[in-house]
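Below, chain A is the first sequence line, B the second, and so on; all start at residue 1.
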2 protein chains.
Amino acid sequence: MTLRNLRERLPEAAGEIFAEKGFKGATVREIIERAGVNIAAVNYYFRDKERLYIEAVKRADCGELEGPHLAWPPTGKLRDFIYFQLLKFLAPGRPAWLARLIMRERTQPSGACAEWVREYIEPRSKILLGLLRELLPPHTPRRKRYLTAFRIVGPCHFYCSHQPIIRVLIGEDAYQRLDLTILADHITQFTLRALGVAQPGEPGT
Amino acid sequence: MTLRNLRERLPEAAGEIFAEKGFKGATVREIIERAGVNIAAVNYYFRDKERLYIEAVKRADCGELEGPHLAWPPTGKLRDFIYFQLLKFLAPGRPAWLARLIMRERTQPSGACAEWVREYIEPRSKILLGLLRELLPPHTPRRKRYLTAFRIVGPCHFYCSHQPIIRVLIGEDAYQRLDLTILADHITQFTLRALGVAQPGEPGT
DNA sequence: TTATATATGAAACAAACGTTTCATAATCAG
DNA sequence: CTGATTATGAAACGTTTGTTTCATATATAA
């Protein structure tokens, strides 16, 4: 067989199943079956199930730091930030299990991924807070800045984490017609209006 | 021993542990140990682990329909809705595990609780959409109404579901100082301003 | 009381789990 | 080629899992 392929196929298949069933719910036998490798490979390449899990999470959320285009005005940067936030979770070409794996680790941290929070979550949080520092009036207290940040990131994550329930509530048809640009525009306009920042030509979505 | 107490203590202890570790992660032996009952009681009272889980979820989220006070103006109803939404998850006296159990079932439905979604989630969704029908201009398309609803409910859930990460990002001290009324007011003002609905005397939070 | 239904406890069940072992196969440097 | 290192496969390991069994204890009704 192709040697190096095996070491890569394992965490990939693991990610899909961990996302679907969680750490405890997934079994190594199901993972190695999907990866098409022998069960001993888990021990050989990753020592045990937990380290395989960490590796899978890291690969699922290791995208480059897609910062907003620096040349844009602050409002444009905000729209970009929101759009990329949505894109990460709901991009059409992106496998759905990636988002679910990340969301699972975000809302129920296994503790094994504290390092990943520092390396990945924290920098993005600082980008948004920096953006709000430009958009909000000077000397806005720190607390109001991150309260506003929650108001922006919250809805982005809501689409992903509550996906199963949203499908039921608004109907499958309406859910399928949702477009990422529509969502991003809506959140951006909603935010800018709430902050009292004028935005050219936008009567309503 | 007190007879009927036993049947009640079981799903209560189960809820705590299911919330903490999920359905698969929790073991019946840990549950019966915390409840202080014999392992046979699970089979005797609830047949199996899954039915015990369903019972625990139902009891965690069976609060009465705390609708906004009908006599209030629409803006007041909205604030009430948001406040109760937060209260359900983060009320000081309320055990934290209740919120986590509900959130777990919301974001990763086990499928066994479809009935609970219909009976509990759907009515509350309709209350909010009805409220928005009053607040938004007449003939606002259905899609914009529920997009706006997501903008309101999203942040409420964000506080709960991302609680572990928020604690790290803003610091434990700042997190402890967060007050539910502050949160509710902030979300309400943010929403009303975004909708272009005037609100008396409110320069900023 | 006696008879019947209900509740409890200790022990064991078979199945599934993560992990390990070890013999063999493949790879590669010399 | 030879020898050493690396990779693979089949089988079994010891635990833990959810569930069941059955004898005993308790409550209830006549």
Side-chain angles (χ1 to χ4, degrees), chain A residues 1-60 97 101 104-105 108-113, chain B residues 1-60 97 101 104-105 108-113:
Chain A
M1 288 290 171
T2 47
L3 261 75
R4 282 292 130 78
N5 265 13
L6 199 147
R7 203 187 191 285
E8 300 306 310
R9 251 179 334 184
L10 204 38
E12 196 166 330
E16 296 184 42
I17 298 179
F18 279 135
E20 202 177 330
K21 315 198 168 179
F23 179 74
K24 278 277 185 180
T27 70
V28 295
R29 282 182 172 81
E30 191 180 1
I31 291 170
I32 59 105
E33 196 172 337
R34 180 168 305 191
V37 306
N38 188 272
I39 194 171
V42 174
N43 181 19
Y44 186 74
Y45 287 110
F46 300 94
R47 191 149 201 97
D48 56 18
K49 186 188 184 186
E50 184 174 357
R51 291 172 215 238
L52 176 58
Y53 174 75
I54 296 176
E55 212 60 37
V57 171
K58 277 189 177 171
R59 280 163 210 234
W97 64 265
L101 180 61
R104 203 181 268 273
E105 185 58 30
Q108 300 144 24
S110 67
C113 295
Chain B
M1 287 289 171
T2 47
L3 260 74
R4 283 290 131 81
N5 264 13
L6 199 147
R7 202 188 192 285
E8 299 306 311
R9 252 180 333 185
L10 205 37
E12 196 165 330
E16 296 185 43
I17 298 179
F18 279 135
E20 203 177 328
K21 315 198 167 178
F23 179 74
K24 278 276 185 180
T27 70
V28 295
R29 282 182 173 80
E30 191 180 0
I31 291 170
I32 58 106
E33 195 173 337
R34 179 167 305 191
V37 306
N38 188 272
I39 194 171
V42 173
N43 181 18
Y44 186 75
Y45 287 110
F46 300 95
R47 190 150 202 96
D48 58 18
K49 187 188 182 185
E50 185 175 355
R51 290 172 217 237
L52 175 59
Y53 174 75
I54 295 177
E55 211 60 38
V57 171
K58 276 188 178 171
R59 280 165 210 233
W97 64 266
L101 181 61
R104 202 181 268 273
E105 186 58 30
Q108 300 146 23
S110 67
C113 296

**Message:** My understanding is that only residues two or more places apart in sequence, or in another chain, count here; which of them pass ring-ring contact (aromatic ring centres under 6.0 Å, His included) with Phe23(B)?
**Reply:** Phe18(B), Tyr53(B)
**Request:** Could you tell me the separation between the CZ atom of Arg9(A) and the P atom of dA7(D), rounded to a whole number of Å?
**Result:** 14 Å
**Asked** Where the side chain of Ile39(B) is concerned, which of dT20(D), dG18(C), dA7(C) is the nearest nucleotide?
**Response** dT20(D)
**Message:** Using whole Å, what does the distance between atom P of nucleotide dT19(C) and atom CG of Asp48(A) come to?
**Reply:** 5 Å
**Prompt:** With sequence neighbours left out, what residues match Arg51(A) under salt bridge (Lys or Arg N to Asp or Glu O under 4.0 Å)?
**Reply:** Asp48(A)
**Asked** Which listed nucleotide (dT6(C), dT8(D), dT21(C)) is nearest to the side chain of Asn43(A)?
**Response** dT21(C)
**Complete:** The nucleotide from dA7(C), dA10(C), dT8(D) with an atom nearest the side chain of Tyr45(B) is dA7(C)
**Fill in**
Pro11(A) and Phe46(A) have their tightest heavy-atom pair at CD-CZ, 3.8 Å
**Request:** Using the closest heavy atom to pick a nucleotide of DNA chain C for each, name whichever of Arg47(A) or Gly36(B) lands nearer the 5' end.
**Result:** Gly36(B)
**Interatomic distance where CD belongs to Glu33(A) and C1' belongs to dC17(C) [whole Å]** = 15 Å
**Message:** At a heavy-atom distance below 4.0 Å, what parts of residues 20-32 of chain B sit against DNA chain D?
**Reply:** Ala26(B), Thr27(B), Val28(B), Arg29(B)
**Message:** In whole Å, I'd like the distance from the CZ atom of Arg7(A) to the P atom of dA26(C).
**Reply:** 22 Å
**Item:** Any residue meeting side-chain contact (heavy atoms from CB on, under 4.5 Å) with Ala41(A), in chain and number order, not counting sequence neighbours
**Value:** Leu6(A), Leu10(A), Val37(A), Tyr45(A)
**Message:** Filter on salt bridge (Lys or Arg N to Asp or Glu O under 4.0 Å), then keep only pairs touching residues 17-26 of chain A, sequence neighbours left out; what's left?
**Reply:** Lys21(A)-Glu30(A)
**Request:** Could you walk me through whether Val42(B) and Lys49(B) pass side chain to side chain contact (heavy atoms under 4.5 Å, CB included), step by step?
**Result:** CA-CA 7 Å; Val42(B) 173; Lys49(B) 187 188 182 185; 5.6 Å; no
**Distance, rounded to the nearest Å, where Tyr44(A) contributes OH and dT21(C) contributes P** = 15 Å
**Message:** Once side-chain hydrogen bond (donor to acceptor under 3.5 Å, both in side chains) is applied, what residue pairs with a partner in residues 34-43 of chain A remain, sequence neighbours excluded?
**Reply:** Glu16(A)-Arg34(A)
**Request:** Kindly point out which of dT6(C), dA10(C), dG18(D) is positioned nearest to the side chain of Asn38(B)?
**Result:** dA10(C)
**Request:** Measure from the side-chain heavy atoms of Ala40(B) and tell me the nearest of dA11(D), dT6(C), dA10(C).
**Result:** dA10(C)
**Gap between atoms OH and C1', on Tyr53(B) and dT17(D) respectively (whole Å)** = 19 Å
